[in-house]
Asker: 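Can you keep this structure in mind? I'll have questions shortly.
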Amino acid sequence: MSSGGSLSTMQRLVEQLKLEAAVERIKVSQAAAELQQYCMQNACKDALLVGVPTGSNPFREPRSCALL
Amino acid sequence: MQPTDAYIQPRLLSWRSSGGKLCTKMDQTFLAIVFGPCDKCSKEKPLRPVSVKSEQRSYCSLCVEMVRPAQTRQCSSARRKPLTKRDLVDMARPGPEFSSKVMVKSSAALPMATEGLHENETLASLKSEAESLKGKLEEERAKLHDVELHQVAERVEALGQFVMKTRRTLKGHGNKVLCMDWCKDKRRIVSSSQDGKVIVWDSFTTNKEHAVTMPCTWVMACAYAPSGCAIACGFPLSVTAIITLFSGLDNKCSVYPLTFEKNENMAAKKKSVAMHTNYLSACSFTNSDMQVNAFPTRCSPSPNWSCTQILTASGDGTCALWDVESGQLLQSFHGHGADVLCLDLAPSETGNTFVSGGCDKKAMVWDMRSGQCVQSFETHDSDINSVRYYPSGDAFASGSDDATCRLYDLRADREVAIYSKESIIFGASSVDFSLSGRLLFAGYNDYTINVWDVLKGSRVSILFGHENRVSTLRVSPDGTAFCSGSWDHTLRVSAGRTERFFLQLLNERGSGGRVVRGKLL
């Protein structure tokens, strides 16, 4: 019986929703501030943001060596 | 038929605390559970003993739920890490016990003895309860929505022009590149394509180090193990294969299929094949009519668990955690209503969770130990193609066919930013963060890569170069470059920086005069 099947599905859905509703939450302002802080703290290490000194860039153009 | 192959399930312990609250935790010892064909639905699943009409039978977890619907499992509050303040608050609260079940898709009917009328009443009351709970959830989330992320970030300096150059183009695949991953050595890249080949590249020299031909086309997923010694690939034969790479003189590769074989000894299954000119001859994987994880779409070796575990997301709507050495299923995750297209593991510092996104437009966060979905988000308008954790582990981004990328914060339990533009109408197939989390790179089906400022919500740059859809994109482990794979058969390794920061850096380092222009070498 399809109603029987959906009954158990509904029961599970209700249980899952109860679980999710009970999650501990913090304010968006606080969460956003922490995300921003993480960004700022790590910005100097981020090569795609600040770049790396050309010498140490592993992806620089391969230079040819002249053999004497 | 005899059930075969054991798999391990963490055991749940429960006790009453002094406050009368029912506490539960996951026991670290494991209970062996037999795996095999279910006596009721004949599907290959982990089995549990159940007595039906005073006869001992072995049913899969789905059928057990049908027979004993009143059986509930208490929610696990176990954590591997020491208790945090949040846990203490949670435990101290005199709340009602959770009684939760893993959400499982049930296709078979429930053998009901109750009357039809009573059923309908219960169903209706449950539906209304579900609706009210959903409403309550939205309310709770909205209460804490006091500000937008970009408002908080107003005082942050804007990023200047993002200057990017393609540094390497990796050519060699004969068909669409479907997936790629970086090795932890920040140099090697593994990529898989529709031509059935899995290639390991050295991104510095663009040389191919290994090329493995899989027995079928559409190698949809590939991932590098943290050790760098193995790669995992998933493809639609219900099998995920682990390929162990040796860089010894004899250049052998061993292939370990992860599959539920009857009476299979994994050691016997292992095949060692000598490589000739870097090619591995095709292997055959039998038993292709498996339903569990019928279509592995994404692989991710667990970084914080032992190297020998792998997580897969599948087209059958489930995710699964496997043990590589034994090839057995450790935990399965049910809850998505449709194909699961992507997953990402939380960075190792933050715990044992992962996030998955699927065709049901939902992104779900799971506890790997209990198999429970702990949070879910449903704000996208279409399939979620890619999910990626923010580097700190407190948030994740998703890219979807609805042409937007969104940022969800896990502690605020809501979406906090949307990255979209009216001019972008094609779906985002792949997203990744830069090392600091300030930049979000997203590859789209309109052949471009958009770079977003995560905090301000604005687009920093749009990158061209690919001649077909961008299907996969990953930033290197040290954040110096990112690699994008496309349906144009190539992979491009690109690097760049934002001009403003670069100039600032030059000025700080004292270049003897104010630098106003820099040149990207």
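Numbered from 1 within each chain, the chains take letters A, B, ... in sequence-line order.
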Asker: How close do A:L13 and B:A130 get, heavy atom to heavy atom, and via which atoms?
Answerer: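 Here A:L13 and B:A130 meet closest at CD2-CB, 4.3 Å.
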
Asker: Considering only heavy atoms, which portion of B:S203 lies under 4.5 Å from any heavy atom of chain A: side chain, backbone, both, or neither?
Answerer: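 Both parts, backbone and side chain.
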
Asker: Go through the steps to decide whether A:M40 and B:R438 satisfy the test side chain to side chain contact (heavy atoms under 4.5 Å, CB included), and finish with yes or no.
Answerer: CA-CA 8 Å; A:M40 296 296 112; B:R438 182 72 193 268; 3.6 Å; yes

Asker: Do the side chains of A:Q16 and B:Q372 get nearer than 4.5 Å, heavy atoms only?
Answerer: yes

Asker: Looking at SG of B:C373 and CG of A:L19, how far apart are the two atoms once the value is rounded to the nearest 0.5 Å?
Answerer: 8.0 Å

Asker: Is B:S376 close to chain A through its backbone or its side chain, or both, or neither, when contacts mean heavy atoms under 4.5 Å?
Answerer: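 Contact with chain A: backbone and side chain both.
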
Asker: Measure across B:V152 and A:Q36 and return the closest heavy-atom pair with its distance rounded to 0.1 Å.
Answerer: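 For B:V152 versus A:Q36, the nearest heavy atoms are O-OE1, 3.1 Å.
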
Asker: Which answer fits B:R187, side chain, backbone, both or neither, if we ask what part of it has an atom under 4.5 Å from a heavy atom of chain A?
Answerer: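 Interface part for B:R187: neither.
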
Asker: Between B:V451, B:L133, B:D146, which residue shows the highest count of heavy-atom pairs closer than 4.5 Å to chain A?
Answerer: B:D146

Asker: Got a second to check how far B:E129's CD is from A:Q11's CD, nearest 0.5 Å?
Answerer: 10.0 Å

Asker: Closest approach of B:S436 and A:Y38, non-hydrogen atoms and distance?
Answerer: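 Shortest heavy-atom contact: O-CD2, 3.6 Å.
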
Asker: Tell me, side chain or backbone of B:L439 under 4.5 Å from chain A's heavy atoms, or both, or neither?
Answerer: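 The side chain, not the backbone.
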
Asker: State the CZ-CZ distance between B:R414 and A:R25, to the nearest 0.5 angstrom.
Answerer: 10.0 Å

Asker: What's the spacing between A:L48 CG and B:S434 OG if we round to 0.5 Å?
Answerer: 6.0 Å

Asker: Under a 4.5 Å cutoff for heavy-atom pairs, which residue among B:G479, B:S494, B:G437, B:A395 has the most contacts with chain A?
Answerer: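 Highest number of heavy-atom pairs under 4.5 Å: B:G479.
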
Asker: If you look at every heavy atom in B:H145 and A:V28, which pair is closest and at what distance?
Answerer: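 So the two residues come closest at CA-CG2, 3.7 Å.
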
Asker: Check whether B:V493 gets within reach of chain A through its side chain, its backbone, both or neither, counting any heavy atom under 4.5 Å.
Answerer: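 Looking at B:V493, just its side chain touches chain A.
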
Asker: Taking every heavy-atom pair that is under 4.5 Å apart, which of B:L455, B:V156, B:L149 has the most such pairs with chain A?
Answerer: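 Counting heavy-atom pairs under 4.5 Å, the top option is B:L455.
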
Asker: Given that the side chain runs from C-beta out, which part of B:V460 has a heavy atom under 4.5 Å from chain A: side chain, backbone, both or neither?
Answerer: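 Neither part; nothing is under 4.5 Å.
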
Asker: Could you walk me through whether A:K27 and B:K143 pass side chain to side chain contact (heavy atoms under 4.5 Å, CB included), step by step?
Answerer: CA-CA 8 Å; A:K27 283 196 177 161; B:K143 270 187 207 167; over 6 Å; no

Asker: Can you give me the closest heavy-atom contact between A:A47 and B:T480, atom names plus distance?
Answerer: CB-CA, 3.6 Å

Asker: Check the pair B:L407, A:L35 against side chain to side chain contact (heavy atoms under 4.5 Å, CB included), reporting the backbone distance first and the verdict last.
Answerer: CA-CA 11 Å; B:L407 185 70; A:L35 287 177; 4.1 Å; yes

